[in-house]
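In this text, all values refer to a predicted model and were calculated from it rather than measured experimentally. Just the heavy atoms: all of them, side chains too, but no hydrogens, waters or symmetry mates, feed the values below. One-based numbering, in listed order, for ligands and for the atoms of each.
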Amino acid sequence: MKRFNTFRRTILLTGLSFVMTNSITAQVNTDGTIDTGDKYADSRLKSEESPEVIAKRLEWWNDARFGLFIHWGIYAQDGCFWNGKDGRSEHMMRNLQIPITEYQKIAAKFNPVQFNADEWAKTAKDAGMKYMVITAKHHDGFAMFDSPSNDYNIVKQTPWKRDPIKELAAACTKEDLKFGVYYSLGRDWHDPDCNSKDGWRSNVWDFPEEAKKDYSKYFERKVKSQIKELMKQYHPAILWFDTPELITLDQSRELLALIHSIDPKCIVNQRIGNRLGDYAVKEQKIPGNGEPDPWETCMTLNGAWGYHKTDTNWKSSDSLVHSLIDIASKGGNLLLNVGPTGEGIIPALSVSRLGEVGDWLKVNGEAIYGTTSSPFGKMDWGRCTKKEENGNTILYFSVFERPVNGKIVLPKFSNEIKKVSLLANGKVLKKESKKEGVVVEIPPINSDEIVAIVKLELKGILKL
Ligand code: FHN
């Protein structure tokens, strides 16, 4: 009964967060920033490439379903604290209005000697993730890579003098993971020309005269140079842009053309701005239904993206697995975030949560990887994902809430059933055809199974 209550609480929590994030239009993050949902995703993608080109580019990404997001920067030096003050997140420089002259002193102390790229890549692999996206330059303007065009970078400014982006790109290749980089387009608190639409999101403490700032100078001087460096030096499979409020359509087009002139296969998210890009981003929320465009939910494991040493509000592995299934059942990807410490370590609780999700995927990953969204409407007891193989159909029913009588009624279809089994162990399940639909008996699941999955093998292409 305890398990069931835990289950119900998880559902409630998941449900609650599900309902909240679905209905919520603004949320206050633990760092005090206000997320008005996806301010950049208020409209459908209007890509200027053919759907076939984009579909081809996204092939591996659509199969992957699950990736690791990494927010790592010098703000992690003391867990987003500075001089004993709580900077609350990777926005620490703005939250505490730290002058550039002071902030860059953090770089002079940043020495993550325990960083091990192979370990990070293995953590992602063990979690069942298929790709990784790491912050190459976040809002503080500090490049976490060797940037010949701009000395404000990890190789030039720190005693560590190494290039973690280069090392991680190599480690991902070894682990057969796709490697991606994040780049902040509309926030750069180190650059005198990077302004912001509402004035308060830029560096107004070192550069108070907002009207004198010229975004196109920052774009030409820093953005284009560094995107070219990132593409040529690391050959990322994904360029994950952020905060595109000020970029013009021409600049978004120019950036996309620059990226694809170097690698036409490089995937770009919609935060390149102006409705361009290959897929839509949902931040910290899961849409209520499927989405018209390819999409990905990015989500923190606790309340902050960067390592915030006092934030121990970790999501449970149950809720993470539920989120992954829910997202896959709607045809999306989950990009789950970790914030490594100033020593270069992914926090132990993050690693253990990811490991628990990975353990579940080792047994049930077939129901996630390479699947497409559910062909059915809402089911109150769980979710569904789908595969077509050799002209036949496989449906994976994830039972979030096992009914008290242990029986679930499957949504209606007209195909002949080849087999109904428990995915975890292949055990054939009892079924009975009734007028309301096929009733399947679900055995009680063990406490460590999180979610039981019913594998339904049907003859032919699905006929509802
Ligand atoms: O302000 C950033 C935040 O620090 C983080 O990088 C997220 C990740 O999607 N993007 C912005 C908030 O929308």
For this session: Measure the distances from the heavy atoms of Tyr75 to every atom of ligand 1 and state whether one is below 4.0 angstrom.
Result: no
For this session: Using a strict cut-off of 4.0 Å, indicate which atoms of ligand 1 neighbour a heavy atom of Asp242.
Result: 2 (C), 5 (C), 6 (O), 7 (C), 8 (C), 10 (N), 11 (C)
Exercise. N/O of His139 under 3.5 Å from N/O of ligand 1, yes or no?
Worked result: yes
Exercise. Would you say the side chain of Glu291 lies within less than 4.5 Å of the side chain of Lys282, judging by non-hydrogen atoms?
Worked result: yes
For this session: Is it possible for you to check whether Lys309 lies under 6.0 Å from the centre of the six-membered ring of Phe81, through NZ or CZ, and within 45° of that ring's axis?
Result: yes
Exercise. Do Lys224 and Glu254 pass the salt bridge (charged side-chain N to carboxylate O under 4.0 Å, His left out) test, and can you show the C-alpha distance, the side-chain angles, and the key distance before you say yes or no?
Worked result: CA-CA 9 Å; Lys224 280 171 64 176; Glu254 187 180 354; 2.3 Å; yes
Exercise. Which option, His91, Glu283, Arg271, Glu90, owns the non-hydrogen atom nearest atom 12 (C) of ligand 1?
Worked result: Glu283
Exercise. Against heavy atoms of His138, which atoms of ligand 1 measure under 4.0 Å?
Worked result: 3 (C), 4 (O), 5 (C), 6 (O)
Exercise. If you round to the nearest 0.5 Å, how far is CG of Leu255 from CG of Asp250?
Worked result: 12.0 Å
Problem set entry | Where ligand 1 meets Cys298 - atom numbers and elements under 4.0 angstrom, heavy-atom basis | 9 (O)
Exercise. Considering only heavy atoms, does Arg187 approach ligand 1 within less than 4.0 Å through its side chain, its backbone, both, or neither?
Worked result: neither
Exercise. If you measure every N/O of Trp240 against every N/O of ligand 1, is any gap under 3.5 Å?
Worked result: no
Exercise. With sequence neighbours left out, what residues match Arg221 under salt bridge (Lys or Arg N to Asp or Glu O under 4.0 Å)?
Worked result: Asp191, Asp193
Exercise. Would you say Ile453 and Trp360 make side-chain contact, with heavy atoms under 4.5 Å?
Worked result: yes
Exercise. Can a cation-pi geometry be assigned to Lys130 and Tyr369, taking NZ or CZ under 6.0 Å from the six-membered ring centre and within 45° of the ring axis?
Worked result: yes
Exercise. By number and element, which atoms of ligand 1 are closer than 4.0 Å to a non-hydrogen atom of Tyr182?
Worked result: 6 (O)
